[in-house]
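Worksheet: one structure, shown below.
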Number of protein chains: 2
Amino acid sequence: MQSIGHEWTINEMGKEQEKDQKKSAIQDDILLATLQLFAEKGYFNTSLTDIQERSGLKSTGAIYQHYKTKQLIAAALYNKILDSLSISIDDIRRRNKKPVDQLREIVGLFFSLTDQAPEIMRLLLVLQIREFLPEEKPLLETAALQKIYKILQAGIRTGEVRAIDHQLAYAQFFGIIFQTIRLILAGMLEKQAEAYQSETWTAAWGAIAKK
Amino acid sequence: MQSIGHEWTINEMGKEQEKDQKKSAIQDDILLATLQLFAEKGYFNTSLTDIQERSGLKSTGAIYQHYKTKQLIAAALYNKILDSLSISIDDIRRRNKKPVDQLREIVGLFFSLTDQAPEIMRLLLVLQIREFLPEEKPLLETAALQKIYKILQAGIRTGEVRAIDHQLAYAQFFGIIFQTIRLILAGMLEKQAEAYQSETWTAAWGAIAKK
DNA sequence: GTCTATACGCCGATAGAC
DNA sequence: GTCTATCGGCGTATAGAC
């Protein structure tokens with residue numbers, strides 16, 4: 001992975017000045033290095049020296065040109081990923097009418113991220129954000145996740161999803177999805193995520209679909 | 001919670017000397033304090049001073065009478081919980097013949113632990129053990145989990161569970177269970193765990209049962 | 001054998017040279 | 001405006017007093 005994910009690379013700089021572009025590029029380097037290191041070792045085992053080395057800077061002091069504290073690096077990374085996720089979900093909701101189709105595409109997004117940007121999935125599913133960013137919203141309360149709740153509620157209204165608490169529906173549906181992805185990230189399954197997507201979708205949808 | 005869980009309290013000391021009993025009691029105090037603190041703040045946010053205060057000792061130096069390093073405290077705690085879990089699963093396997101009944105009781109155990117010893121479930125489901133105990137086996141490779149795999153494989157052999165990879169069956173079944181419990185631990189569901197057990201069991205078993 | 005006092009290293013953060 | 005050199009604090013671990 002060369003960028004923080006793909007269509008996921010926030011890159012709408014337009015016609016800014018040279019210097020701003022360079023500055024922004026360095027910030028992306030820092031965030032990318034941080035993402036990799038956090039996925040490998042976690043927040044507390046990653047020092048600013050690690051980040052400086054991995055991002056190709058010449059001194060730790062240089063980092064402070066861009067982020068005032070280590071926590072703020074983590075927060076910037078977390079929010080950048082959540083923004084991308086939120087945007088992708090918006091896009092999926094725009095392109096698909098039925099909740100079932102929206103969910104299928106969201107699952108597809110998570111599985112393809114698992115193959116193409118496993119570090120992002122590790123950060124979302126494995127790291128305990130609350131331990132190092134106690135001020136930030138936990139994943140479940142972020143805009144992105146709220147949108148998923150809305151989809152489930154819509155599914156319940158239309159009768160595609162059986163009538164249970166939407167939080168329980170979330171736990172059942174994404175429990176299957178995320179636990180499977182965790183197994184893949186842990187190296188317990190041989191093939192690429194892609195190979196398990198259809199089977200896992202069927203099981204997850206089956207768990208909440210009205211029969 | 002006064003002890004590290006119940007039938008879960010390892011307490012087979014018998015007729016040892018007074019002093020050994022006292023020593024062992026202090027060690028239990030240390031582990032209990034550690035469990036609580038880790039569940040609250042995680043490993044890295046918990047200092048030995050925290051542990052000393054919470055466990056009622058008068059100095060951090062006293063801790064070193066019992067455990068040589070902070071990591072070894074964590075390892076002792078982790079292994080104690082895994083041993084209890086393993087023993088409970090053995091017991092469940094002994095008392096139940098059919099995989100479906102064994103699984104139902106295991107689910108019951110996890111839900112009752114969630115109500116009665118949420119710190120233990122937090123440590124098992126939320127904390128990232130690998131970050132602070134890189135030498136220890138990850139949860140999925142421990143004896144306790146291997147026993148659960150065996151139950152799933154047996155279920156596949158007897159035809160109760162549909163014929164899928166037993167790792168996928170694990171992900172689907174326990175994905176639902178554990179994600180629901182995580183939601184409860186996060187305070188996102190109003191009632192006690194107990195209240196969701198039957199509904200969650202039905203969904204989880206439905207996801208892997210042969211129809 | 002129990003605690004006090006302290007050593008020591010690591011790391012985040014900064015001040016100041018160039 | 002960029003890096004070097006360093007500070008200061010925290011937290012683990014220990015040595016030694018009692």
Side-chain angles (χ1 to χ4, degrees), chain A residues 16-31 33-38 40-78 127-129 131-136, chain B residues 16-31 33-78 127 129 131-136:
Chain A
E16 296 161 76
Q17 296 157 3
E18 263 288 298
K19 194 164 281 178
D20 281 5
Q21 285 190 15
K22 186 169 253 172
K23 195 168 190 180
S24 178
I26 293 176
Q27 289 179 356
D28 281 353
D29 288 346
I30 292 172
L31 292 189
T34 303
L35 171 64
Q36 293 171 356
L37 288 161
F38 284 8
E40 288 169 21
K41 310 196 288 182
Y43 177 90
F44 295 99
N45 291 319
T46 300
S47 70
L48 287 174
T49 308
D50 292 333
I51 294 174
Q52 170 249 311
E53 286 171 355
R54 182 75 65 102
S55 58
L57 295 177
K58 296 197 187 113
S59 71
T60 61
I63 296 176
Y64 289 89
Q65 303 295 324
H66 304 277
Y67 299 99
K68 279 197 244 303
T69 70
K70 184 183 173 186
Q71 272 206 0
L72 286 175
I73 301 175
L77 175 61
Y78 182 53
L127 286 208
Q128 202 47 31
I129 307 290
E131 272 189 41
F132 53 93
L133 292 177
E135 309 293 276
E136 294 290 319
Chain B
E16 295 162 76
Q17 297 155 3
E18 263 288 300
K19 194 165 280 178
D20 281 6
Q21 285 190 16
K22 185 168 254 173
K23 197 168 188 179
S24 179
I26 293 176
Q27 288 178 357
D28 281 352
D29 288 345
I30 293 172
L31 293 189
T34 304
L35 172 62
Q36 293 172 355
L37 288 161
F38 283 9
E40 288 168 22
K41 311 196 289 182
Y43 177 90
F44 295 99
N45 291 320
T46 300
S47 71
L48 287 174
T49 308
D50 292 333
I51 294 174
Q52 171 249 311
E53 287 170 355
R54 182 74 65 103
S55 58
L57 295 177
K58 294 195 188 118
S59 72
T60 62
I63 296 176
Y64 289 89
Q65 305 293 324
H66 304 277
Y67 299 99
K68 278 198 245 306
T69 69
K70 183 183 172 185
Q71 271 206 1
L72 287 175
I73 302 176
L77 175 62
Y78 182 53
L127 287 207
I129 307 289
E131 273 189 41
F132 54 92
L133 292 177
E135 309 294 275
E136 294 291 319

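These numbers were taken from a predicted model, which means no experiment stands behind them. A, B, ... follow the sequence lines: proteins, then strands. Residue 1 opens every chain.
- Among C/dG12, D/dC3, C/dT4, the nucleotide with an atom closest to any side-chain atom of A/S59 is D/dC3.
- Looking at residues 43-50 of chain B, you'll see that no heavy atom sits under 4.0 Å from any atom of DNA chain C.
- Minimum interatomic distance between A/N45 and B/E131 (heavy atoms only, all atoms of both residues): ND2-O, 2.9 Å.
- Ring geometry for A/F44 versus A/F132: interplanar angle over 60°, hence perpendicular rather than tilted (30 to 60°).
- Annotation: side chain of A/Q65 is not in contact with side chain of A/I26 (no heavy-atom distance under 4.5 Å).
- Between the side chain of A/Q52 and the backbone N or O of A/L57, at least one donor-acceptor pair lies under 3.5 Å.
- In this structure, OH in B/Y67 is found 8.0 Å from OG1 in B/T34, a value given to the nearest 0.5 Å.
- Ranking D/dA13, C/dT14, D/dC3 by closeness to the A/A62 side chain, first place goes to D/dC3.
- Here the rule is side chain to side chain contact (heavy atoms under 4.5 Å, CB included) with B/T46, and of B/R54, B/E40, B/K41, B/Q36 only B/K41 fits it.
- Rounded to 10 degrees, the angle separating the terminal axes of the helix from C/dG1-D/dC18 to C/dC18-D/dG1 is 20°, with each axis obtained from five end pairs.
- The side chain of B/Q65 lies closest to C/dC3, out of C/dC3, D/dC3, C/dA5.
- Here C/dG12 is the nucleotide among C/dT4, C/dG12, D/dT12 with the atom lying nearest to any side-chain atom of A/K70.
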